[in-house]
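Counting starts at 1 for both ligands and their atoms, following the listed order. Count residues from 1 along the sequence.
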Amino acid sequence: MTVAAVVPAAGRGERLGPGEPKALRLLGGTTLLAQAVARLQSAAQVDLVVVAVPDGEQDRTAAELGVRTVVGGADRRASVAAALAALPDHVDVVLVHDAARPLAPSSLADAVVGAVHAGYLGVVPGLPLTDTIKQVDADGIVVATHERGALRAIQTPQGFRRDVLERAHAQVPLDSPVTDDAGLLELLGIPVLVIDGAEDAFKVTRPADLGRAEARLAVLAGEASR
Ligand code: CTP
Ligand code: MG
């Protein structure tokens, strides 16, 4: 079994405010992307990494991080599709992991791959929610409160059998309101397993998330040096 990690890193990071594309912002003296890639490369089950980067960053990223690169697309789905199209033939399992989740541990990637190897076609990490989640209508009036115990906040890396993920990308219409790769499988009626997520796999979206990541990285570095 050959496992490739596909990393969409071509977003602009608009919610982070003005500056470099999010994946290229600094974290711990390097970039969010470099942090995310290093953790994937340390995962025992990951054999190669393909990154979808902003146009113009292909050569530098490939040289600095030791990855294959492609130019990303107009949205996350297009960036993932571009990276999938660049996978070597012998890859049979794919992890899709956001560059915006730089501290997701290697052990999480290995756990996701393990569940794919065990026979699940799609596997995603998720955490229980602490807030109560309400669905509202266009006027802000609550229409439903979903039973919290049955809900999960979904993270990446998400793992798939390669043929299944490629089929999902090919078959689900481009205008479907899907925000992750598992959502494509769901629309085709393919079961997706949720395994325990990791607090450290949180997504850097707003400026405060960068502060959280820096603080957490300092703790991790302290633990590693003891
Ligand atoms: N992504 C991508 N190509 C795009 C859009 C997003 O590869 N055209 C990637 C981002 O780089 C990120 C991941 O998808 O690693 C998750 O997206 P998100 O957190 O929304 O990042 P951005 O789109 O960069 O941020 P924003 O939406 O605030 O602009
Ligand atoms: Mg975005």
Give the numbers and elements of all ligand 1 atoms closer than 4.0 Å to a heavy atom of R12.
24 (O)

Decide whether an N or O pair under 3.5 Å exists between L16 and ligand 1.
no

Tell me which protein heavy atom sits closest to atom 7 (O) of ligand 1, plus the residue, atom name and distance to 0.1 Å.
A10 N, 2.8 Å

Answer yes if V93 and V96 sit in the same cluster of Ile, Leu, Val, Met, Phe, Trp and Tyr residues linked by side chain heavy atoms under 4.5 Å apart, and no otherwise.
no

Does an N or O anywhere in G13 fall below 3.5 Å from an N or O of ligand 1?
yes

Report the nearest protein non-hydrogen atom to atom 21 (O) of ligand 1: residue, atom name, distance rounded to 0.1 Å.
K22 NZ, 3.2 Å

What protein heavy atom is closest to atom 9 (C) of ligand 1, reported as residue, atom name and distance in Å?
P8 O, 3.5 Å

Are any of the N or O atoms of A23 closer than 3.5 Å to those of ligand 1?
no

Starting from atom 6 (C) of ligand 1, what is the nearest protein heavy atom, named by residue and atom, and what distance separates them?
G11 CA, 3.5 Å

Where ligand 1 meets A9 - atom numbers and elements under 4.0 angstrom, heavy-atom basis
7 (O), 11 (O)

Nearest non-hydrogen protein atom to atom 13 (C) of ligand 1, with distance, is D98 OD1, 3.4 Å

Contact between ligand 1 and G72 is defined here as a heavy atom of the residue under 4.0 Å from a ligand atom; is it met?
no

Of all the non-hydrogen atoms in the protein, which one sits nearest to atom 14 (O) of ligand 1, and at what distance?
R76 CG, 3.5 Å

Any G73 heavy atom less than 4.0 Å to ligand 1:
yes

Look only at the side chain of S79 and the backbone of G73, and say whether a donor-acceptor pair between them is shorter than 3.5 Å.
yes

So which of K203, R25, R101 gets nearest to atom 19 (O) of ligand 1, if we judge by its closest heavy atom?
K203

Under 3.5 Å: donor-acceptor pair, side chain of T69, backbone of Q58:
yes

Are L188 and F160 linked, directly or through other ILVMFWY residues, by side chains that come within less than 4.5 angstrom of each other?
yes

Transitive ILVMFWY side-chain link I154 to V94, under 4.5 Å
yes

Verify the cluster assignment for Y120 and V192: are they in a single hydrophobic cluster under the rule of side-chain heavy atoms below 4.5 Å apart?
no

Between R161 and D163 (salt bridge meaning N to carboxylate O under 4.0 Å), is one present in this structure?
yes

Element-labelled atoms of ligand 1 that are located less than 4.0 Å from some non-hydrogen atom of A74:
8 (N)

Can R162 and D89 be counted as an ion pair, charged N to O under 4.0 angstrom?
no

Yes or no: does T205 have any heavy atom under 4.0 Å from an atom of ligand 1?
no

Can an N or O of E14 be found at a distance shorter than 3.5 Å from an N or O of ligand 1?
yes

Linking I/L/V/M/F/W/Y whenever their side-chain heavy atoms sit closer than 4.5 Å, directly or via other members, would I195 and L185 fall into one cluster?
no

Is the side chain of R212 donor-acceptor paired with the backbone N or O of V204 at a distance under 3.5 Å, no angle test?
no

Counting distance only, does the side-chain N/O of Q158 pair as donor-acceptor with the main-chain N or O of A182 below 3.5 Å?
yes

Donor-acceptor under 3.5 Å (R68 side chain, A86 main chain)
yes

Which protein heavy atom lies closest to atom 20 (O) of ligand 1, and at what distance to 0.1 Å?
R15 NH2, 2.9 Å

Run the numbers for me: atoms of ligand 1, each under 4.0 Å from some heavy atom of S79, listed by number.
2 (C), 3 (N), 4 (C), 7 (O), 8 (N)

